Structure formats: structure tokens, C-alpha cells
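Report on the structure given below.
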Amino acid sequence: MMDYRYLFPFEKIEKNSEVVIYGAGELGQEYLKQIKLTQYCSVKCFIDRAYKNIKSLIVPVYGKEKIKDLEFDYIVLAFQSSTYIDDILEYLKKEKIDRKKIVFTGLRSNAGDIYLQNTVTDVKNDFSFLDMENISIAMRLGSGFGDCIIVKRFFAELIKLFPTAKIDIYAPNVSKFIESIYSDEENVNNIIDDTNLYRTFYMKYDIAFDLVTIFNIDFFNEKSLKFSPSSKKIIKDSIQKCLEYRLTTFPAPNRYVHFGRMIFAGLNCYTAYNYFGLVNIEDKYVKIPLHKEWEALFRELSLGKYITINYGNGAGQNISKQWPYEYFCELINLLKLEYPYLQIIQVGSGECKQVKNVDRYFLGENLELVKFILKESILHIDIEGGLVHLATQLKTKCAVMFGPTPFEYYGYRENINFIPSNCTGCLALYDNVYRCARGLKKPACMYSITPQIVVDKLKKYLEKYWENDIKNE
């Protein structure tokens with residue numbers, strides 16, 4: 001069987017098209033064999049710089065100067081890596097070849113590898129670094145759902161600087177989250193479920209950002225003509241600030257230092273980007289797109305008055321930020337005693353353990369539906385994490401238990417926040433990010449926030465809510 005790495009880019013070529021193959025080497029010849037076997041399309045000729053030395057091919061071989069005289073539907077670049085692609089694209093642009101006709105896949109990886117998955121299915125458009133007109137940007141994100149939301153605030157400011165930029169977002173295991181949160185952003189070119197591929201391609205972009213907790217500019221093409229002199233200066237100054245900052249995301253204790261620096265500077269997870277001079281973020285507002293078809297499905301549920309809880313964000317793992325399962329169960333019982341008419345709904349991933357005595361479970365549901373469940377919730381109860389960031393952006397009040405996570409960096413003052421007085425803020429002090437800094441099996445921070453403490457504080461909010469609700473009726 002043929003090695004899948006050499007597969008012709010059938011998914012990017014319309015059937016029965018007329019194709020020119022640029023490159024008559026090993027990959028180009030393999031492409032030709034596949035086309036002849038499948039009869040999927042026709043090959044008009046090869047283009048190759050060593051055309052004078054290539055003999056006995058079943059289609060003609062010309063030098064690149066011949067391209068301007070040819071008529072074809074697609075020109076397929078048959079190169080195993082992207083090393084020479086920039087030069088070829090520049091030449092084709094000079095020859096006024098329509099960019100939509102140019103196809104480059106490169107050497108695919110073996111089945112099961114992330115690169116193969118991205119190339120065939122996940123990368124919906126050509127990588128933005130192949131766009132010769134607009135500024136191409138790569139953004140590397142972490143695997144946290146909350147981070148996807150936070151970074152969108154930076155994204156909004158970045159678009160103000162470069163309104164026509166085409167942005168490829170790289171992140172591991174959260175592509176569905178990003179698609180849901182960024183579905184209203186026209187500047188997003190691709191969402192790629194990977195970070196290794198970022199390391200392969202980041203130097204092909206005009207500018208590449210590593211946004212995994214600590215801001216860094218990994219690459220800037222200073223020779224690019226797409227940037228104005230003033231924007232080049234801003235970027236170069238920001239790079240200098242990154243160099244002076246001298247922190248990277250790994251090892252993890254760098255993040256602990258980062259949190260401390262930002263807190264002392266009066267900055268938070270949104271405004272921390274300001275420190276590096278590229279943007280000026282003044283608020284924590286992120287627009288969350290909502291889709292009417294999912295609202296209709298939500299209305300059909302007829303949930304009535306309810307609050308939501310999430311026992312997740314590491315539930316089932318030995319991490320210090322998790323509020324104990326038995327505390328959640330006890331909290332539900334206390335709330336039902338006080339408010340028997342109030343429904344309690346559990347949301348979260350499909351792997352979450354069901355909390356006892358909850359009225360309804362929506363675990364592993366589509367995020368589009370969860371948005372509406374959170375938006376209409378009277379109150380969302382959780383530890384600091386992605387669903388808190390989502391609910392808060394949807395204007396839903398949250399009750400949030402903080403332990404190792406620094407409230408000053410990740411918290412929202414409009415929420416009902418439970419911050420331990422005995423011990424807090426040790427997040428990322430060790431390589432094991434969520435290790436209790438004191439080595440306790442039952443972290444003192446989270447265990448000090450008892451269900452009764454939570455209920456007592458929630459009563460004030462819920463009673464005020466009911467008073468206002470009655471008045472409005």
C-alpha cells in the first residue's frame with residue numbers, strides 16, 4: 001500500500017480539473033501515478049527548474065517561465081516541506097496566478113498523526129502564511145477553555161491594529177471550544193487542534209504569538225512589506241519588553257512569578273497584555289456569540305427557575321483547586337432545604353461525576369446549548385475555570401470557590417467570591433501546577449470553604465433576587 005504521506009491533495013482539487021504539477025521530483029511523480037490510476041483529474045505538465053535534465057516522463061516538463069503561457073485550473077506544489085514555498089508563491093504572484101488556483105499540502109504524516117488530521121480535515125483553509133495580500137498571524141493557545149475566552153479580549157485589540165489580518169489559532173484539544181467562542185470573528189482563518197504544528201510553521205507567518213499564560217512574540221518578519229513603519233516599531237518595542245521580562249510558560253514556576261508580577265503591577269489575566277506595550281485593554285468584556293437555532297432548542301426544555309453547578313475542571317483528579325465532591329452534595333441538600341421550589345442543574349463535561357440530588361444533568365452537552373443554560377441561570381456555582389469565565393461574560397452571577405488560583409489575577413469582583421483567609425494563591429509554585437504547596441492531601445484552602453459558609457453568603461443574593469423577581473411580576 002502507498003505511504004499515506006504522499007497522498008495527492010484530492011480534497012482541495014475539483015474532480016475533472018486540469019492540473020499543473022510544480023516539482024517533478026519524488027512527490028510530484030507520486031502525484032502523477034495516483035492521478036493516472038484514479039483518473040480523478042488530468043495533468044497538463046510538470047514545472048521544474050531542472051526541466052532540461054528530466055527525461056522519459058509521460059507528460060511534458062517545462063521551466064517556470066512557461067507558466068504564464070499555460071491554461072489550467074490548479075497548480076499543485078509538489079514539495080515535501082515548505083522551505084521553498086515562499087519564493088515560489090512570490091514568483092506565481094508576479095505572474096498574476098490566482099491564489100485560489102495554488103495548492104500546497106506538503107508531505108503528510110502517517111495515519112493517526114495530528115498533522116495528517118489537520119491537513120485532511122481540520123485545516124479548513126490554506127494556512128494564512130500562504131496569503132500574499134494580508135498580514136498572516138499565528139496564535140498559540142493553551143488547553144484551558146477559560147484561556148480561549150480570555151485570549152479573545154487580546155484578539156479584539158489585535159484586530160484593531162491589523163484589521164485585515166488572517167489568523168490561524170493553534171491549541172491542543174480545545175478546537176470545538178474555540179470554534180464556539182470565535183465563530184463571530186471573520187479574521188479567524190483556521191482553528192488547528194495542535195501545538196506541534198505551530199512549532200513547525202510559526203516562522204512562516206508575518207507574526208507569531210505564544211499566548212499560553214505568558215505573552216510572548218515568537219517570531220516577527222521585519223522584512224514584510226505588510227506592516228507600516230509605526231506598527232513595526234510597536235512590535236519591535238513589544239519584543240524588547242518580552243526579552244526583558246525573561247519568563248516563558250515552561251517550567252511551570254515561571255507562571256507563579258508571572259502572576260505575582262502582574263498582581264503587583266495592578267494587572268489581571270485580561271490586562272496583563274498591556275504590560276508588553278502592543279495593546280491597551282481597559283476592560284474584561286468578551287463578546288460571546290449566541291445562535292438562535294440553539295436558543296429554540298433551549299426554550300423547548302422549559303427549565304423554569306434554576307441555578308447551575310459544575311463539579312468539574314479536574315474533578316476525579318488529585319488537584320488542589322477542586323472543591324470536594326462531598327461538599328457539593330451537602331451544598332445541594334442545604335439549598336433544597338432553603339429553596340425547595342428551585343431547580344438545580346449540573347453542567348460540565350461528559351466525564352464529570354454526577355452530584356447527588358441534582359434535578360437535571362446536562363453533562364457533555366453541546367457548548368452552544370450550555371451557553372443558553374448558563375445565560376438564563378439565576379446563579380452558577382463553580383470553582384475558578386472555563387464555565388465561570390463563560391457565565392460571567394454572559395452576565396450570569398457566579399459563586400466561585402478560590403483556592404490555589406490567585407483571585408486578583410483570575411477573579412471577577414462582580415461575582416460572589418469565596419477566598420480562603422488561611423492559605424491561597426499557590427498555583428504553579430511547582431512543576432505540578434495544581435500541587436498543594438503544603439503537600440496536604442486535603443488542601444486547607446478548599447476545605448476551609450464549607451457548604452454552610454457558601455449557603456449563608458448565597459442567601460443574601462438569592463433573597464434579593466426573589467424580591468426583585470416578585471416586583472417585576
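It should be emphasised that the depicted structure is a prediction, and the values quoted were computed from it without experimental measurement.
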### Task
Go through the steps for K176 and E179 under the test salt bridge (Lys or Arg N to Asp or Glu O under 4.0 Å), then give the verdict.
CA-CA 5 Å; K176 290 182 180 179; E179 287 172 6; over 6 Å; no
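- Nearest heavy atoms, V279 versus L158: CG1-N, 4.4 Å.
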### Message
Pair Y275, Y245 - check ring-ring contact (aromatic ring centres under 6.0 Å, His included), show working.
### Response
CA-CA 10 Å; Y275 183 91; Y245 199 63; 5.2 Å; yes
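- Taking OH of Y31 as the start and CD1 of I21 as the end, the distance is 8.5 Å to the nearest 0.5 Å.
- Distance check, rounded to the nearest 0.5 Å: CZ of F162 to CD1 of I207 gives 5.5 Å.
- Between F155 and Y182, the angle of the ring planes goes over 60°, which puts this pair in the perpendicular group of the 30/60° scheme.
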#### Entry: Evaluation steps, salt bridge (Lys or Arg N to Asp or Glu O under 4.0 Å), between E376 and R299
CA-CA 10 Å; E376 298 297 324; R299 298 299 174 197; 3.6 Å; yes
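- Under the salt bridge (Lys or Arg N to Asp or Glu O under 4.0 Å) criterion, K93 pairs with E133, sequence neighbours left out.
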#### Entry: D126 vs K166, salt bridge (Lys or Arg N to Asp or Glu O under 4.0 Å): CA-CA, chis, key distance, verdict
CA-CA 11 Å; D126 286 332; K166 297 299 181 184; over 6 Å; no
#### Entry: Residue pair N216, T248: steps toward the side-chain hydrogen bond (donor to acceptor under 3.5 Å, both in side chains) verdict
CA-CA 8 Å; N216 194 42; T248 55; over 6 Å; no
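- In this structure, NZ in K375 is found 13.5 Å from CD in Q393, a value given to the nearest 0.5 Å.
- With Y430 as the aromatic partner, R435 meets the cation-pi criteria of under 6.0 angstrom to the ring centre and within 45 degrees of the ring axis.
- To the nearest 0.5 Å, atoms CG (L141) and OH (Y198) are separated by 10.5 Å.
- Here F220 and F227 bring their ring centres to under 6.0 angstrom of each other.
- Between F8 and F10, the two ring planes are perpendicular [angle over 60°; tilted spans 30° to 60°].
- Ring centroids of F259 and Y410 are separated by less than 6.0 Å, placing the two rings close together.
- Taking D73 as the reference, nothing meets the salt bridge (Lys or Arg N to Asp or Glu O under 4.0 Å) condition, with sequence neighbours excluded.
- Residues K233 and D237 are paired through a salt bridge, judged by an N-O separation under 4.0 Å between the basic side chain and the carboxylate.
- One distance of note links CG of D168 with CZ of F201; it measures 10.0 Å at 0.5 Å rounding.
- Here CD1 of I217 is found 11.0 Å from CG of D210. Values are rounded to the nearest 0.5 Å.
- Between F145 and H389, the gap from one ring centroid to the other reaches at least 6.0 Å.
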